[in-house]
Amino acid sequence: MRNSSHEPIRISRRTGLQLGAAAALGVWAGRSRATQPALSQRVVVLGAGLAGLTAALELSRRGHDVRVLEWQQRVGGRVYSTSRGLAQGQVAELGAARIPDIHDFTWHYVRQFNLATGQFPVARARYQVDGKAFLGPAKGQAWPLTLHGDEARDPVHFAARRLAQASRDFNNFKPGWPSPELAARFDRLTVVDWLRLSHATPDLIGLFIAANGGRVRENGALMEGIQEVLEEDIKTFAAIRGGNDSLPKAMADELGKRVLTGVRVQRIQRFDNRIEVVAHHEGEEDRPYRYVADQVICALPATILRDIPIEPALPPLRRHAIEAVQYSRASKTVIQTQTRFWKELGVTGLMIAGTDTSAERVWDVGVLQDGSMGLLHQYCMAGHDDLDRLSAPARWQRTLALLSEVLPGLAEQTVYASHWDWSKQPWVKGGIPNLPPGTGAYLRILPRAAGRLHFAGDYTTIWAGWMQGAIQSGVRAAQEIDPAIGWVLAPQSASKRAKELQAVAMLSQDRLAAVVREPSRRAILLPC
């Protein structure tokens with residue numbers, strides 16, 4: 001897997017790359033796949049995140065010749081667990097931190113590799129809204145906020161449910177839209193825009209931001225509404241013990257020497273009878289390598305893909321779609337404390353603090369880990385100029401000041417802190433992908449193959465920002481190359497999958513030309 005010393009095969013334009021390796025026996029939802037495909041294909045996968053590894057795993061199990069090219073010296077992409085600097089063997093999650101119970105694709109592989117998991121306790125958090133800090137009241141008790149009517153019953157979930165209901169009423173999950181014009185207006189609003197136009201109280205909006213992170217100030221209401229509909233079925237969250245990147249590591253271990261690290265893609269060339277990838281290997285930047293294949297799966301982030309020359313160029317609409325994908329400036333400050341002092345504040349579960357400030361939220365990632373010390377993540381899902389422009393020490397002091405009311409005692413308890421900013425990682429340049437207001441219809445075309453070039457990654461799915469999205473896209477890309485790769489849905493999963501497919505179907509083809517023509521237009525009318 002981590003074979004930086006592995007000598008790759010250098011090839012010419014004429015010879016082609018022989019990617020041979022014995023297929024591993026695999027079982028997919030109860031079906032044996034030891035049978036060889038009718039025609040084994042040479043497949044190059046770009047990126048060893050969960051999307052690329054999933055696609056490579058399924059294709060290799062079917063006997064295809066697969067090679068995975070990864071820029072970094074590690075696998076997993078934005079699933080990144082680390083114990084660096086931490087005592088008592090505790091593990092921080094710089095990327096994906098939780099697995100919802102309904103994410104069946106993720107759970108399939110977790111169970112297949114026999115990875116131990118733990119379920120997060122039910123959360124009760126402290127909040128800070130408009131400068132006021134308080135413990136979320138028990139069920140049935142009043143919130144210390146200015147709320148109107150139904151808002152007061154369950155304000156943490158009220159805005160999300162209202163947005164989900166608006167999305168459901170808006171499209172009714174039927175093919176086609178009742179009103180494309182109304183759809184366009186809904187798509188061009190941010191979530192906060194929509195809440196304001198829907199006459200939500202300022203305190204409800206502040207609480208919604210505190211509970212869900214700063215991303216709701218940027219994300220489009222249409223895409224967020226779809227997510228809220230799908231997330232209604234979530235009951236519990238879990239994590240893999242020892243770190244969530246145990247999953248991509250297990251996949252890479254099975255793939256073995258098929259995974260090459262330290263390889264940076266420079267160019268993709270498409271031909272009628274083949275497709276070629278030109279790449280540089282770390283330490284040999286002056287000696288390009290050419291990988292020739294029958295099919296290529298590009299599982300790179302959109303931020304990286306759009307900077308790679310593709311010859312001949314992709315169709316204009318596809319290029320517009322890739323350019324439209326934005327990645328948030330997601331970042332985490334890992335904090336280890338002497339004790340788990342917040343328990344005395346009455347909080348439980350994963351999210352123990354949420355604010356409407358630039359400090360955003362604090363998660364207790366150590367709740368499932370051994371040791372007497374505490375392990376927190378101060379988690380920003382969006383960029384904040386008042387923090388991002390500061391040096392690391394100054395940022396930490398500012399963060400402590402912002403959290404002093406909602407988590408009193410944090411400064412005195414902290415023994416270690418380090419900051420990780422996804423936007424500063426050159427191989428991804430951002431954290432969580434999203435389609436901004438006015439571009440939701442692009443989700444219809446982002447997953448589409450362009451001849452021998454296939455696309456995977458969470459940004460191509462309705463589950464952007466989740467391991468589920470990456471894995472789901474990897475399965476889909478592998479199936480495009482070998483349709484015999486099957487997925488047998490459990491009865492309880494079938495309805496969820498149908499809901500997802502219908503949600504994507506609501507992004508009408510008729511809207512695509514309008515999106516390209518008027519990408520920045522914003523709505524000013526109330527959605528129904």
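Just so we're clear, the structure is a prediction, and the values are computed from it rather than from any experiment. Along the sequence shown, residues are numbered consecutively beginning with 1.
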Please assess His320 against Tyr442 for the test ring-ring contact (aromatic ring centres under 6.0 Å, His included), listing each intermediate value before the final yes or no.
CA-CA 9 Å; His320 279 295; Tyr442 279 140; 7.1 Å; no
Below 4.5 Å, heavy atoms only, C-beta onward: do Cys380 and Arg329 meet side chain to side chain?
no
Full working for side chain to side chain contact (heavy atoms under 4.5 Å, CB included) between Val365 and Val367
CA-CA 6 Å; Val365 183; Val367 68; over 6 Å; no
Look at the side chain of Gln88 and the backbone N and O of Leu86, then say whether any donor-acceptor pair between them is shorter than 3.5 Å.
no
Can you check whether Glu254 reaches Leu57 side chain to side chain, under 4.5 Å on heavy atoms?
yes
A side-chain contact here means heavy atoms from C-beta on lying under 4.5 Å apart; do Leu305 and Tyr459 qualify?
yes
When you measure from the side chain of Arg340 to the backbone N and O of Met373, does any donor-acceptor pair fall under 3.5 Å?
yes
Separation between CD1 of Ile102 and CG of Asp233, rounded to the nearest 0.5 Å:
5.5 Å
Per the ring-ring contact (aromatic ring centres under 6.0 Å, His included) rule, what does the pair list look like for residues 71-101, sequence neighbours excluded?
Tyr80-Trp420
Strictly by modelled atom types, are Gln378 and Glu360 linked by a side-chain donor-acceptor pair under 3.5 Å?
no
Checking Gln227 side chain against Ile462 main chain: does a donor-acceptor pair fall under 3.5 Å?
yes
Polar side-chain atom of Arg258 near backbone of Val68 as donor-acceptor pair, under 3.5 Å:
no
Give me the atom names and distance for the closest heavy-atom approach of Pro433 to Ala464.
O-CB, 3.6 Å
dist Thr439:OG1 -> Leu446:CG (nearest 0.5 Å) comes out at 9.0 Å
Verify whether one side chain among Ser328 and Glu218 offers a donor that lies under 3.5 Å from an acceptor in the other.
no
Do Arg395 and Asp388 sit within salt-bridge range, that is, some charged N less than 4.0 Å from a carboxylate O?
yes
Side chains of Lys332 and His419 in contact at under 4.5 Å (non-hydrogen atoms)
no
Could you go through Tyr327 and Ile432, starting from their C-alpha distance and side-chain angles, then the distance that decides it, and tell me whether this counts as side chain to side chain contact (heavy atoms under 4.5 Å, CB included)?
CA-CA 5 Å; Tyr327 282 67; Ile432 302 171; over 6 Å; no
So which atom in Ala394 and which in Leu390 form the shortest heavy-atom distance, rounded to 0.1 Å?
O-CD1, 3.8 Å
Go through Phe105 and Val475 one step at a time and tell me if the side chain to side chain contact (heavy atoms under 4.5 Å, CB included) criterion holds.
CA-CA 9 Å; Phe105 279 74; Val475 172; 4.0 Å; yes
CE of Met351 to CZ of Arg98, rounded to nearest 0.5 Å, is 9.5 Å
Min side-chain heavy-atom separation Leu375-Gln369 under 4.5 Å:
yes
Spatial distance of atom CZ (Arg241) from atom CG (Leu115) [nearest 0.5 Å]:
12.5 Å
Using a distance-only test with no angle check, is there a side-chain donor-acceptor pair under 3.5 angstrom linking Gln269 and Glu311?
yes
Any donor-acceptor N/O pair, Thr82 side chain to Ala92 backbone, under 3.5 Å
no
In the structure I gave you, are the side-chain heavy atoms of Val122 and Thr348 within less than 4.5 Å of one another anywhere?
no
Determine which pairs satisfy side-chain hydrogen bond (donor to acceptor under 3.5 Å, both in side chains) with at least one residue from residues 293-307, sequence neighbours left out, and list them in order.
Gln41-Gln295, Arg42-Asp294, Gln295-His454, Asp307-Lys429
Answer yes when Asp458 and Arg78 have at least one side-chain N-carboxylate O distance shorter than 4.0 Å, and no when they do not.
yes
Return the OH to CD distance between Tyr416 and Gln336, rounded to the nearest 0.5 Å.
9.0 Å
Of the non-hydrogen atoms in Val79 and Ala96, which two are nearest, and what is the gap between them?
CG2-CB, 4.1 Å
Identify the two heavy atoms, one from Asp364 and one from Gly349, that lie closest to each other, and give their separation to 0.1 Å.
CB-O, 3.7 Å
Do side-chain atoms of Arg452 reach the backbone of Glu276 as a donor and acceptor pair under 3.5 angstrom?
no
I'd like to know if Glu224 and Arg215 make a salt bridge, using a cut-off of under 4.0 Å between side-chain N and carboxylate O.
yes
Run Thr261 and Glu70 through side chain to side chain donor-acceptor pair (under 3.5 Å) and show every step you take.
CA-CA 5 Å; Thr261 57; Glu70 169 56 47; over 6 Å; no
Less than 4.0 angstrom from a charged side-chain N to a carboxylate O is my criterion; do Lys249 and Asp245 meet it?
yes
If you apply the rule side chain to side chain contact (heavy atoms under 4.5 Å, CB included), what do you find for Met251 with Phe113, and how did you get there?
CA-CA 8 Å; Met251 291 179 169; Phe113 288 106; 3.8 Å; yes
Pair Gln468, Asp104 - check side chain to side chain donor-acceptor pair (under 3.5 Å), show working.
CA-CA 8 Å; Gln468 174 88 348; Asp104 46 5; 3.0 Å; yes
Would you say that Leu260 contacts Tyr291 through its side chain, given a criterion of any heavy-atom pair below 4.5 Å between the two side chains?
yes
Under 3.5 Å: donor-acceptor pair, side chain of Ser40, backbone of Gly63
yes
Is there a side-chain contact between Ile99 and Ile240 (heavy atoms, below 4.5 Å)?
yes
Taking the inter-plane angle between the rings of His281 and Tyr289 on a 0 to 90° scale, is it parallel (under 30°), tilted (30 to 60°) or perpendicular (over 60°)?
tilted
Closest heavy-atom pair and its distance - Ser331, Asp421
CB-CA, 3.8 Å
Please walk me through it: do Gln72 and Trp427 pass side chain to side chain donor-acceptor pair (under 3.5 Å)?
CA-CA 8 Å; Gln72 300 183 88; Trp427 49 270; 3.1 Å; yes
Does Ala450 offer a backbone N or O that forms a donor-acceptor pair with the side chain of Arg318 under 3.5 Å?
no
Evaluate the side chain to side chain donor-acceptor pair (under 3.5 Å) criterion for residues Gln472 and His103: first the C-alpha distance (whole Å), next the side-chain angles of each, then the deciding distance (0.1 Å), finally the verdict.
CA-CA 10 Å; Gln472 204 173 51; His103 282 189; over 6 Å; no
Identify the two heavy atoms, one from Pro447 and one from Thr460, that lie closest to each other, and give their separation to 0.1 Å.
CG-O, 3.3 Å
Between Glu480 and Arg476, does any NZ, NE, NH1 or NH2 come within less than 4.0 Å of an OD or OE carboxylate oxygen?
yes
Atom pair CG (Leu69) and SG (Cys298), whose distance is rounded to the nearest 0.5 Å:
10.5 Å
With Asp482, which of Glu58, Arg62, Arg61 fulfils side-chain contact (heavy atoms from CB on, under 4.5 Å)?
Arg62
